[in-house]
Amino acid sequence: MMMLKLTNISFGYAQPILNEVNFTFNPGRLYFLLAKNGAGKSTLFRLLTQDLKPETGHVQAGGDVILHRQTPVYFEDMTVKENIECFLELLKSRKKYDDVKTKFALGEIESKVARKLSGGEKQRLYLAITEMSDDDIRLYDEADAALDAMTRTQYYSEVLQRDAAAGKTVIAISHHISESLKYADRICFLANQKLYEIDPAALPPDLADKNEDKIMEILEKECEAI
Ligand SMILES: Nc1ncnc2c1ncn2[C@@H]1O[C@H](COP(=O)(O)OP(=O)(O)OP(=O)(O)O)[C@@H](O)[C@H]1O
């Protein structure tokens, strides 16, 4: 199984971040990891990719784990087509250039050099690269930070939800909290050095319309009740 399992994980810097956490991320689900600023979301990702070693406990991964970071990465001096072909090769992807081109409407810009693309065109190239890997367990650390509202919708539905529907284990950090509530299969909330799993279907239906501080407050109360 392509699950990702934390057993008895504790970790801290000068201050504690996680305390004896047990949690299983299951395949086929899109998890959004939410927490207050500085609570340790990125640190948790670094533990999941085994970039950091926990003080106690262990992480078991049923497949390769790939982390997509906040900053879009591509080769500025290559054309869009060269970039896609290069990433297909680097990531040893089974996908074909023509499929990527069609899905992200890259036909008109395929021969343009990346550094000359408009903001929106760069976002399309970035989405295409982000979606390209075949890895089974996918972590997205604010990969939507530089995306405009329209491209974000495409990222949530055509990258994250589609990956989960294809049986991947998908965990995303996003500062667009109300939007993430609409797409999440599960919320994974980090508070008081513990991780809590919340099913969005069990939350008030108008929650996503509230302001983000209020949403965080309600989610914290949910966790206290678990
Ligand atoms: N290498 C490090 N050494 C010491 N402290 C660190 C290190 N990395 C992060 N921290 C601290 O650990 C805490 C958690 O950081 P982390 O980046 O994991 O939080 P986050 O929830 O992802 O934050 P944000 O929402 O602001 O992106 C913060 O107080 C941060 O300053």
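When a ligand or atom number is given, it counts from 1 through the structure's own listing order. All residue numbers refer to positions in the sequence shown, counting from 1. Since we're looking at a predicted model, the values are computed, not measured.
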- For I17, counting its heavy atoms only, list the atoms of ligand 1 lying under 4.0 Å from any of them.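 In order of numbering, the contacting atoms are 12 (O), 13 (C), 14 (C).
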- Task: Number the atoms of ligand 1 from 1 as they appear, then name those within less than 4.0 Å of a heavy atom of Q15, with their elements.
- Result: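 Counting atoms of ligand 1 from 1, those under 4.0 Å from Q15 are 11 (C), 12 (O), 13 (C), 28 (C), 29 (O).
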- Message: Can you give me the closest heavy-atom contact between L48 and L6, atom names plus distance?
- Response: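 Smallest heavy-atom distance, with atoms named: CD2-CD1, 3.8 Å.
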- Item | Test of proximity, T43 against ligand 1: N or O pairs below 3.5 Å |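 Such a contact does occur with ligand 1.
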- Task: Pick, from S42, G38, A35, the option with the minimum heavy-atom distance to atom 22 (O) of ligand 1.
- Result: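 Heavy atom nearest to atom 22 (O) of ligand 1 belongs to S42.
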- Message: Using only atom types and a distance under 3.5 Å, with no angle test, would you say the side chain of E55 pairs donor to acceptor with the backbone of G12?
- Response: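 Judged by distance alone, yes, a pair lies under 3.5 Å.
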- Task: Could you tell me whether a side-chain N or O of S10 sits under 3.5 Å from a main-chain N or O of E20, the two making a donor and an acceptor?
- Result: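 A pair under 3.5 Å: yes.
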- Query: Would you say A39 touches ligand 1, if touching means a heavy atom closer than 4.0 Å?
  - Reply: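 Yes, A39 has heavy atoms under 4.0 Å from ligand 1.
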- Query: What class does the angle between the rings of Y155 and Y140 fall in, given that below 30° is parallel, 30 to 60° is tilted and above 60° is perpendicular?
  - Reply: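 Ring orientation of Y155 relative to Y140: perpendicular.
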- Message: Would you say Y13 and T43 are linked by a side-chain donor-acceptor pair, where the criterion is simply a distance under 3.5 Å?
- Response: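 Result is yes, a qualifying pair exists.
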